There are 2 protein chains.
Amino acid sequence: MNEKEGLNTIEDRGEFLDEETLFIVSQTFKALSEPTRIKILYLLSKGEYSVNEIAEKLSLQQTTVSHQLRFLKNLRLVKFRREKTTLFYSCDDEHVMDLLKQTIDHARHH
Amino acid sequence: MNEKEGLNTIEDRGEFLDEETLFIVSQTFKALSEPTRIKILYLLSKGEYSVNEIAEKLSLQQTTVSHQLRFLKNLRLVKFRREKTTLFYSCDDEHVMDLLKQTIDHARHH
DNA sequence: ACAATATATGAACATATATTAATATAATAA
DNA sequence: TTATTATATTAATATATGTTCATATATTGT
């Protein structure tokens, strides 16, 4: 059978991930796995934009943008500030933006 | 400088991603966005394992593992070598494994 | 050839999720 | 107050996708 079992406990976290880590990791990558969200995050990496500005610049419907911003806000990847009736969204997670930039650079070098 | 269209080509790539980059990026993150695939990749980051070993260690069905390995193989994230009737799978993309490790570390720091 | 073992494949099913349409809320201005 | 603007929400729909079941393929050993 498997002569390795029983040895990989305690100090060595071994070959398995605990459920909570697994959940956070999968959620993080899921946020970055859809073209619409990638476009939004990439745009926001260049600056702060209102919902309507995002929709116009990316040729998306306002409601689509609003839904995806809620998704990203729930994961605390974006934040917003209000100015009268307008909400300006911006990035709120350096690590995740870094993952995105790394992967875009990597993809562009093929 | 950034008055709408026309100027943000070449040196400044601007606020938009080309379709091909967008596709590669989304596929890459999609690979890392599902718990089963994360478990498999994390296990493979520790060494080389056969399909049945992966299934046993992770308490997954053989067919599930086989399907997900095909997914990962299509994206060239894993490779395999044959030894008699057994296929030993291992990681084949340093950059993607690095993304995974970074994100696991980040998640574990809460 | 046959049996045994390891892995892959295709179809069916269930679930997840992105988008849309319609409507609601909230803030501001007149 | 009413109208206007900006954004959010709910429900419906369509599509994508992960898992399972049944079966197929491929390699090795007898």
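This one's a predicted model, so the numbers in the text were calculated from it and none came from an experiment. A, B, ... follow the sequence lines: proteins, then strands. Residue 1 opens every chain.
Screening A:V65, A:L69, A:T63 for a side chain to side chain contact (heavy atoms under 4.5 Å, CB included) involving A:H67 leaves a single residue, A:T63.
Side-chain polar atoms of A:D98 and A:Q102 form a donor-acceptor pair below 3.5 angstrom.
The shortest distance between the side-chain N/O atoms of B:Q68 and the OP1/OP2 oxygens of D:dT17 is not below 4.0 Å. A close approach under 4.0 Å does occur between a side-chain nitrogen or oxygen of B:R70 and OP1 or OP2 of C:dT9. Distances shorter than 4.0 Å separate some side-chain N or O of A:N52 from OP1 or OP2 on D:dT7. Checking the phosphate oxygens (OP1, OP2) of D:dT17, a side-chain nitrogen or oxygen of B:K30 falls inside 4.0 Å.
In this structure, the nucleotide among C:dT19, D:dT19, D:dT7 sitting nearest to the side chain of A:L87 is D:dT7. Between D:dA8, C:dA8, C:dT19, one nucleotide has an atom nearer to the side chain of B:S66 than all others, and that is C:dA8.
With contacts defined as side-chain heavy-atom distances shorter than 4.5 Å, the pair A:L41/A:V78 qualifies.
Aromatic ring pairs are classed by plane angle as parallel below 30°, tilted from 30° to 60° and perpendicular above 60°; the pair A:F80 and A:Y89 is tilted.
Within the nucleic acid shown, A:Y89 comes within 4.0 Å of sugar-phosphate atoms alone, with no base atom in reach, counting heavy atoms only.
We find that NZ of B:K73 is positioned 13 Å from P of C:dT7, with the value rounded to whole Å. In this structure, B:Y49 places its OH atom 15 Å from P of C:dT7, rounding to the nearest Å. Put simply, CD1 on B:I40 is 11 Å from C1' on D:dG18, counting in whole angstrom units. The distance between atom CD of A:E34 and atom C1' of D:dA14, rounded to the nearest whole Å, is 14 Å. Atom CG of B:N74 and atom P of D:dG18 are 13 Å apart (whole Å). Spacing between atom CG of B:L32 and atom P of D:dG18 amounts to 12 Å, rounded to whole angstrom units. As a whole-Å value, the separation of A:L69 CG from D:dT9 P is 11 Å. Rounded to an integer number of Å, the gap from CZ of A:R81 to C1' of D:dA6 is 15 Å.
A:E15 approaches B:Y42 most closely through the heavy-atom pair O-CD2, 3.3 Å.
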Its contact letters, B for base, S for sugar-phosphate only and - for none at protein heavy atoms under 4.0 Å, make nucleotides 20-29 of chain D read BBB----BSS
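Mapped onto DNA chain C by nearest heavy atom, B:F88 and A:T36 fall at different nucleotides, with B:F88 at the one closer to the 5' end.
Counting heavy atoms of neighbouring residues, nucleotides and ligands inside a 6.0 Å radius, atom CZ of A:R76 does not exceed 12 of them.
Checking side-chain atoms of B:R37 against main-chain N and O of B:A31 turns up a donor-acceptor pair under 3.5 Å.
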